[in-house]
*Asks:* 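The structure is given below, and queries will be raised subsequently.
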Amino acid sequence: MISGLVSRVVQAAVVAILVAAVAFFVLQAAPGDPLSALVENPSVSPALVAAERARLGYDRPAAVQFLSYVSAAAGGDLGYSASLGMPVSRVIGAALPHTLLLMGTAILVSFAVGIALGVAQAARAGTVFDRAASAVSLFLHSLPEFWLALVLLIVLSGRLHLFPGGGLETLAVAHSSGWHWFLDRLHHLALPALTLVLLTTAGVARFQRAALLEVLPRDFVRTAVAKGLSRRRVVLRHAWRNALLPIVTLLGLALPALVGGAVFVEQVFSWPGMGRLVVTSIERRDYALLTGCLLVGGVLVAAGSLLADALALAVDPRQRRANRD
Amino acid sequence: MTSRFRHRHCLTVATSALIAALATACGPQADGTTGGRELAGSGNVGGTLVIASPTGPNTLMPPTVTSIQGKQLTDLIYERLADVGPAINTFGDEGFEPRLATSWDWSADSMAITFHLDPRARWHDGKPVQAGDVRYTFRVNSDSAQSSDAVYLSKVDSVSVPDSLTVTFWFAARYPEQFYDAAGRLSILPAHLLADVPAGGLNRAPEATAPVGSGPFRFVRLQPGALIELAADTGYHLGRPLLDRILMTVAPNPIAAATQLFNGEADLYEAMMPQQMGEFATHPEVVAHIEPSLTYNFLQFNLRDPRHPDRPHPLLSDRELRRALSMLIDREAIVKSAWDSLAVVGLGPFPRSLPTADTLVRQLPHDPSRGGAILDSLGWRDSNGDGIRDRDGQRLEFAVTVPTSSAFRQRIAVLLQDQFARNGVGLTVERLEFNTFLERLGRRAFDTNLGSWVLTDGSPAGSRATWGSGGNQNFGSYGNPLVDAQLDSALATFDAADRRSHFSRAYQLIVDDAPAIWLYEPRNVIGIHRRFVMPPLRTAGWWLDLPRWSVRTGEQIARDRGAASAPAAPVAP
């Protein structure tokens with residue numbers, strides 16, 4: 001068990017470094033560097049650009065830059081963000097909690113609602129409710145994220161004034177209590193989280209419905225029904241537990257987003273998270289920031305993946321038995 | 001393209017220039033004492049301004065600031081010896097307003113300027129501002145590896161410090177922008193905090209993200225990529241700013257930023273798009289300030305072959321061809337279509353707001369038949385009936401590169417494509433990611449590009465670099481010795497009328513040579529909440545008079561009342 005865990009951690013570290021390396025070299029191959037925007041600025045002299053380029057090490061070969069970055073990162077130094085003018089660790093440290101809050105909320109709510117909806121649909125398969133829920137969830141699932149975010153922003157914030165137009169909290173207002181502050185945060189979180197929930201709930205519901213429909217005709221379910229158990233008890237106690245495994249797998253696949261953030265939603269709702277940071281680093285060719293984001297993201301995703309495996313073990317006795325054997 | 005600045009109306013500029021001229025009515029040799037007028041005006045003390053900004057600053061260290069947001073913030077945190085006044089005159093000392101320096105004297109031969117510092121001036125950590133700070137700032141900025149201003153400061157021989165409140169700039173030569181270079185360019189840095197920072201390390205000093213200045217607002221906090229907060233320095237030597245706080249919040253999406261403005265979550269947004277103008281009608285609490293800009297946009301021709309830069313461009317090096325192409329374009333129709341009334345047709349390599357602008361420069365007319373006739377005479381005819389003119393088997397066809405980051409430039413490229421096509425000229429639109437676009441400009445690897453220049457400080461000195469022979473930002477490689485001579489004379493003369501005359505001749509020569517088609521000057525639309533009272537917005541930047549902004553009586557909202565004043569700077573032992 002422990003050797004398996006160690007092997008997974010090593011694999012994850014290698015994957016994280018490989019992902020960071022690919023991103024680094026692809027970005028290096030693209031035209032420009034963090035200082036290229038200065039070319040068009042008449043108030044910036046070429047001498048200053050050249051000096052800054054040398055100072056930041058962008059005049060060295062890409063492989064040398066990457067190796068020196070990785071060796072520094074191993075010592076805990078994620079480098080310096082040229083586009084934001086501060087250490088990468090500080091930038092990521094500021095953005096990561098915001099992304100965890102947004103994505104954690106969105107994943108939690110969408111899985112809760114999606115599972116409930118999927119179970120309800122499977123239990124009433126073929127009814128008008130099932131067909132209507134399928135149509136609506138398919139419609140929501142196929143909407144582009146950017147479009148839905150903008151529509152919700154314009155309608156719910158711009159027209160109806162139900163939610164703020166973005167940001168983490170109401171600025172420059174002293175909150176009378178911690179509760180007031182919490183409610184204000186929740187108010188700002190609502191719209192970006194709602195966008196993500198609308199987009200992802202449908203997928204979870206469809207997975208859950210299909211998994212449950214596969215389990216419901218099985219013998220052990222028929223036995224439970226024959227024993228005279230209520231329909232509700234049969235579905236929730238007997239069938240649903242057996243239909244949970246695909247959802248745990250889906251949760252494992254969703255965990256990278258917990259760290260990576262939702263690029264479009266963060267952009268539209270001015271949410272200063274990891275997704276926006278990655279976009280900024282690519283737009284501004286900020287090699288250190290991008291590599292740092294991917295390294296940190298990779299490590300956390302690996303941790304999330306281990307957590308998903310542990311969850312699968314918890315809900316599936318067959319896996320536990322296989323591990324014991 | 002990289003930065004944008006705001007302006008007040010030309011009428012105000014003209015009036016201010018007249019007042020400044022009448023008030024000083026003297027040359028550079030005159031005693032520059034203008035009195036230590038208080039910066040803050042009268043009005044209610046208190047209030048918070050929330051600015052929605054598309055992006056945050058790259059640094060808050062003045063010598064290396066390159067973004068407009070960085071400039072806006074550092075202009076409020078730091079101070080110069082004197083500020084270019086509303087007339088944005090950078091020649092001599094006319095119109096300059098005292099800041100750290102209460103007065104100044106010119107030496108008899110104009111080779112030295114002595115500044116007398118305000119003894120009340122304090123750094124935000126309580127230490128007094130001293131002449132040594134000015135000398136340190138000069139030393140940093142005269143190093144080309146640390147500051148872009150080094151090229152301008154090369155004519156400053158040295159800086160001496162007769163006493164702690166007196167500093168003298170000694171010049172190697174006498175020239176019209178001497179005063180501006182010494183007083184108007186340099187944001188004075190705290191030597192007591194930065195002197196030990198090794199050369200080249202300023203951007204990594206703690207003060208690059210937590211600056212300590214001597215300006216009207218002090219730094220409070222920075223959330224990377226999200227928020228910057230400044231507070232009024234109640235002990236500011238020119239009088240406490242009226243507003244308590246300024247918050248700059250980053251809203252990258254323009255629709256989200258406008259929503260925040262119209263919802264009342266933000267008070268100011270300066271990148272309003274024409275399609276958002278209708279919102280002002282339904283939100284009377286937000287006022288649209290439509291101001292002229294120091295920006296001009298153009299279709300720039302590359303006169304060198306992009307594949308072989310040592311050779312002339314096979315098509316566009318021909319002056320007559322470029323003139324003919326210019327005549328094919330209906331610039332008014334393009335501006336109307338893309339901008340409606342939020343831009344005006346460009347006149348040449350200058351924006352109208354520039355003091356040296358000449359609005360009487362003779363334009364190449366929009367005359368497709370004459371342009372077509374010139375093309376015919378040059379041998380460019382549609383010999384095979386495919387709709388594109390050709391000559392000796394070569395089609396009259398070229399590409400325009402546009403950055404995908406600008407929806408407007410992409411739209412204008414399509415309008416140009418249509419107008420050229422109607423006259424038998426092929427134009428391929430090449431949409432490039434912004435960094436790729438810049439990289440192509442730097443390598444001169446393009447046929448034409450939709451370019452833009454912003455004259456950030458109102459000084460026309462940069463025109464030599466952008467349109468002079470061999471200028472490092474002359475991406476089209478245009479060159480005309482007569483233009484160079486006129487620009488050099490314009491930048492060297494002390495006589496205002498002579499200067500205008502030289503600039504006018506240079507502009508006319510450039511327009512006649514058609515190294516570009518002068519398309520438009522956008523107007524800046526700044527949405528500001530109605531509760532703010534402010535002087536007319538300044539040409540060189542709407543933020544320059546922020547210490548004088550206040551909130552109208554009875555119109556304070558929760559965030560205006562909730563703000564606590566930042567304490568005065570502690571008094572240094």
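By convention in this document, chain letters (A, B, ...) are assigned in the order of the sequence lines, proteins followed by strands, and residues within each chain are numbered from 1.
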*Asks:* Could you tell me whether the side chain of A:R276 and the main chain of B:G225 form a donor-acceptor pair under 3.5 Å?
*Replies:* yes
*Asks:* When rounded to the nearest 0.5 angstrom, what is the spacing between CD in A:E169 and OG1 in B:T249?
*Replies:* 10.0 Å
*Asks:* Rounded to the nearest 0.5 Å, what's the gap from CG on A:L171 to CE on B:M248? Could you check?
*Replies:* 12.5 Å
*Asks:* Most heavy-atom pairs under 4.5 angstrom with chain B, which of A:V279, A:T280, A:V268, A:V91?
*Replies:* A:V268
*Asks:* Measuring heavy-atom distances to chain B, does A:L277 have an atom under 4.5 Å in its side chain, in its backbone, in both, or in neither?
*Replies:* neither
*Asks:* Do you know which of A:P272, A:S157, A:G158 has the most heavy-atom pairs with chain B at a distance under 4.5 angstrom?
*Replies:* A:S157
*Asks:* Given 3.5 Å as the limit, does a donor-acceptor pair link the side chain of B:N58 with the main chain of A:G85, or not?
*Replies:* no
*Asks:* Between B:Q223 (side chain) and A:A94 (backbone), is there a donor-acceptor pair under 3.5 Å?
*Replies:* no
*Asks:* Please classify the contact of B:L222 with chain A as side chain, backbone, both or neither, using a heavy-atom distance under 4.5 Å.
*Replies:* both
*Asks:* Starting at CG of B:N263, measure out to CG of A:L153 and round the result to the nearest 0.5 Å.
*Replies:* 8.5 Å
*Asks:* Return yes if a side-chain donor-acceptor contact under 3.5 Å exists between B:S405 and A:E283, otherwise no.
*Replies:* no
*Asks:* What part of B:R440 is in contact with chain A, defined as an atom under 4.5 angstrom from a non-hydrogen atom: side chain, backbone, both or neither?
*Replies:* neither
*Asks:* Which one of A:A82, A:G166, A:S81, A:A149 has the most heavy-atom pairs closer than 4.5 Å to chain B?
*Replies:* A:G166
*Asks:* Is the number of heavy atoms from other residues, nucleotides or ligands within 6.0 Å of CZ (A:F182) greater than 12?
*Replies:* no
*Asks:* Determine, for A:R159 against B:E279, whether the closest basic-nitrogen to carboxylate-oxygen distance falls under 4.0 angstrom.
*Replies:* yes
*Asks:* Please determine if A:R285 and B:E439 form a salt bridge, counting it only when a charged side-chain N lies under 4.0 Å from a carboxylate O.
*Replies:* no
*Asks:* Any heavy-atom pair between the side chains of B:Q260 and A:S270 that's under 4.5 Å?
*Replies:* yes
*Asks:* Heavy-atom distances under 4.5 Å only: say whether B:A251 touches chain A with side chain, backbone, both or neither.
*Replies:* both
*Asks:* Apply side-chain contact (heavy atoms from CB on, under 4.5 Å) to the pair A:T170 and B:E265, showing each step before the final yes or no.
*Replies:* CA-CA 7 Å; A:T170 304; B:E265 296 157 49; over 6 Å; no
*Asks:* With only heavy atoms counted, which part of A:F264 is less than 4.5 Å from chain B, the side chain, the backbone, both or neither?
*Replies:* neither
*Asks:* Heavy atoms only, distances under 4.5 angstrom: which of B:P252, B:G201, B:A226 has the most pairs with chain A? Name it, please.
*Replies:* B:P252
*Asks:* Between B:T55 and A:R284, is the side-chain contact (heavy atoms from CB on, under 4.5 Å) condition met? List the steps.
*Replies:* CA-CA 12 Å; B:T55 182; A:R284 301 188 190 176; 2.4 Å; yes
*Asks:* Could you check whether atom NE2 of B:H283 has more than 12 heavy atoms from other residues, nucleotides or ligands sitting under 6.0 Å from it?
*Replies:* yes
*Asks:* Measure distances from B:V250 to the heavy atoms of chain A and classify the residue's part below 4.5 Å as side chain, backbone, both or neither.
*Replies:* both
*Asks:* Return the option, out of B:I255, B:T59, B:L247, with the maximum number of heavy-atom pairs under 4.5 Å with chain A.
*Replies:* B:I255
*Asks:* Applying side-chain contact (heavy atoms from CB on, under 4.5 Å) to B:N253 and A:L150, what does each step give before you reach the verdict?
*Replies:* CA-CA 10 Å; B:N253 185 283; A:L150 277 177; 3.9 Å; yes
